[in-house]
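Throughout, numbering of the chain's residues begins at 1 and tracks the sequence.
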Amino acid sequence: KKRLDTIAARWPATEPQPYDIVGPVCETGDTFAKARAMPPMAEGDLLAFRLSQLILEGKMDRTQPLHLIGHSAGGFVVSRAALYLRKMNLAPNVMQVTILDTPAPDHELTVEVPKACSGMDFYVTSPFVLGLDDKAPPAGIYLKHITPEAGAGLLEAHRYAYKWFTETVISAKPGDSGFGRSPFAQ
């Protein structure tokens, strides 16, 4: 039986937040600090932390591929997680990042993430995504504009990226755009 772990998180606060810093070192309940003000977590830090934890506990095999998929602002979340895994030398040998219509992609997403991954795809379905040109995509990024359904408004076109990609999980052949480019489809 295959298992799928899903992590959902709310966006972090912008001000330092109080955290209890706990063990275990000797005992499960070891506490090092109570209500210590710590900087807020950035997008993807929680996902990166959880993935790192699974790898270090041996519950996730680094010799197996990892495919991180993010729609809209979720593209920043999965990108940050990929960078963190690479920085901590915990990234699997094959780590693919797929971005679905993430608005206003920044330097980290378009330059740093492709260097950290074995593959990166960016699918655009709406005018929310600015600054990416099919004729000159950023190095290391497979960039493709997908035409949404006829008559789709701005939000419908943005949502279409998720709908389209989900449909390719069933229909794409290895090498096709969408899930066909996943290491799991090869």
Side-chain angles (χ1 to χ4, degrees), residues 4-17 19 38-55 60 65-88 90-92 95-134 137-149 152-169 172 177-179 181-184:
L4 174 66
D5 291 317
T6 304
I7 300 172
R10 64 180 177 81
W11 290 110
T14 56
E15 298 295 321
Q17 299 292 308
Y19 293 96
M38 300 289 288
M41 290 192 288
E43 302 86 10
D45 286 353
L46 180 61
L47 175 60
F49 174 78
R50 183 66 181 125
L51 290 172
S52 298
Q53 189 177 36
L54 291 170
I55 291 167
M60 193 169 140
L66 174 63
H67 190 173
L68 300 167
I69 305 164
H71 174 249
S72 194
F76 294 110
V77 173
V78 299
S79 295
R80 171 69 61 123
L83 288 173
Y84 181 86
L85 289 174
R86 181 64 64 207
K87 180 180 175 183
M88 300 305 293
L90 294 173
M95 182 170 59
Q96 173 87 13
V97 172
T98 297
I99 307 296
L100 304 172
D101 213 55
T102 293
D106 60 9
H107 176 83
E108 183 176 88
L109 196 142
T110 60
V111 176
E112 299 304 320
V113 174
K115 293 178 191 174
C117 299
S118 53
M120 182 174 176
D121 298 347
F122 200 123
Y123 298 100
V124 179
T125 59
S126 79
F128 280 137
V129 181
L130 303 172
L132 295 177
D133 181 5
D134 281 347
I141 296 179
Y142 174 81
L143 175 65
K144 186 163 179 79
H145 281 77
I146 305 295
T147 305
E149 297 163 337
L154 184 62
L155 288 176
E156 289 84 14
H158 179 62
R159 288 185 197 116
Y160 184 71
Y162 171 81
K163 179 182 178 191
W164 170 81
F165 189 83
T166 303
E167 290 171 358
T168 70
V169 171
S177 291
F179 193 75
R181 292 183 46 83
S182 171
F184 295 107

Side-chain touch Phe122/Thr102, heavy atoms, less than 4.5 angstrom: yes
How far apart are the C-alpha atoms of Phe179 and Thr166, what are their side-chain angles, what is the distance that settles it, and do they pass the side chain to side chain contact (heavy atoms under 4.5 Å, CB included) test? CA-CA 8 Å; Phe179 193 75; Thr166 303; over 6 Å; no
Looking only at non-hydrogen atoms, find the nearest pair between Tyr84 and Ala48 and report the distance. CD2-CB, 3.4 Å
Please find the pair of heavy atoms, one from Ala82 and one from Cys117, that lie closest to each other, and give the distance. CB-SG, 4.1 Å
Which heavy atom of Met95 sits nearest to which heavy atom of Ala116, and what is that distance? CE-O, 3.5 Å
Pairwise distance CE(Met60) to CD1(Ile55) - rounded to 0.5 angstrom: 4.0 Å
When you compare the side chain of Leu154 with that of Pro127, does any pair of heavy atoms fall below 4.5 Å? yes
Answer yes or no: is there a side-chain heavy-atom contact under 4.5 Å between Leu83 and Val113? yes
In this structure, NZ of Lys163 is separated from NE2 of His71 (nearest 0.5 Å) by 12.5 Å
Do Tyr142 and Pro137 touch side chain to side chain, with heavy atoms closer than 4.5 Å? no
Could you check whether any side-chain heavy atom of Leu46 comes within less than 4.5 Å of a side-chain heavy atom of Arg50, counting everything from C-beta outward? no
Taking atom types as modelled and ignoring hydrogens, do the side chains of Thr147 and Tyr160 form a donor-acceptor contact shorter than 3.5 angstrom? no
Quick one: CD1 on Ile99 to OG on Ser72, what's the gap to the nearest 0.5 Å? 11.0 Å
Do the rings of His158 and Phe128 sit parallel, tilted or perpendicular, given the 30° and 60° boundaries? perpendicular
Answer whether the closest heavy-atom distance between the side chains of Ile69 and Val78 falls below 4.5 Å. no
Measuring only between side-chain heavy atoms, which start at C-beta, is Leu132 closer than 4.5 Å to Ile141? no
Heavy-atom distance under 4.5 Å between the side chains of Leu68 and Leu51, does that happen here? yes
Aromatic ring pairing Phe165/Tyr123, orientation class (parallel under 30°, perpendicular over 60°, tilted between): tilted
Are His145 and Thr125 linked by a side-chain donor-acceptor pair shorter than 3.5 Å? no
Approximate separation, where rounding is to 0.5 Å, of Arg86 CZ and Glu112 CD: 13.0 Å
First locate atom CG of Leu143, then atom CG of Asp133, and finally report the distance between them rounded to the nearest 0.5 Å. 8.0 Å
Can you name the closest pair of heavy atoms from Ser182 and His67 and give their distance? OG-ND1, 2.8 Å
Determine whether more than 12 heavy atoms belonging to other residues, nucleotides or ligands lie under 6.0 Å from atom CZ of Phe49. no
Could you give the distance from CD (Glu156) to CZ (Arg159), rounded to the nearest 0.5 Å? 5.5 Å
Shortest non-hydrogen pair, Leu109 vs Pro105, comes out as CD2-CB, 3.9 Å
Can you name the one residue among Thr168, Thr98, Asp121 that meets side-chain hydrogen bond (donor to acceptor under 3.5 Å, both in side chains) with Arg181? Asp121
Considering all heavy atoms of both residues, which atom of Pro148 and which atom of Ala157 are nearest to each other, and what is their separation? CG-CB, 3.8 Å
Is it true that, when you exclude Tyr162 itself, more than 12 heavy atoms of the residues, nucleotides or ligands shown sit nearer than 6.0 Å to its OH? no
Is the backbone of Trp164 close enough, under 3.5 Å, to the side chain of Glu167 for a donor and an acceptor to pair up by distance? no
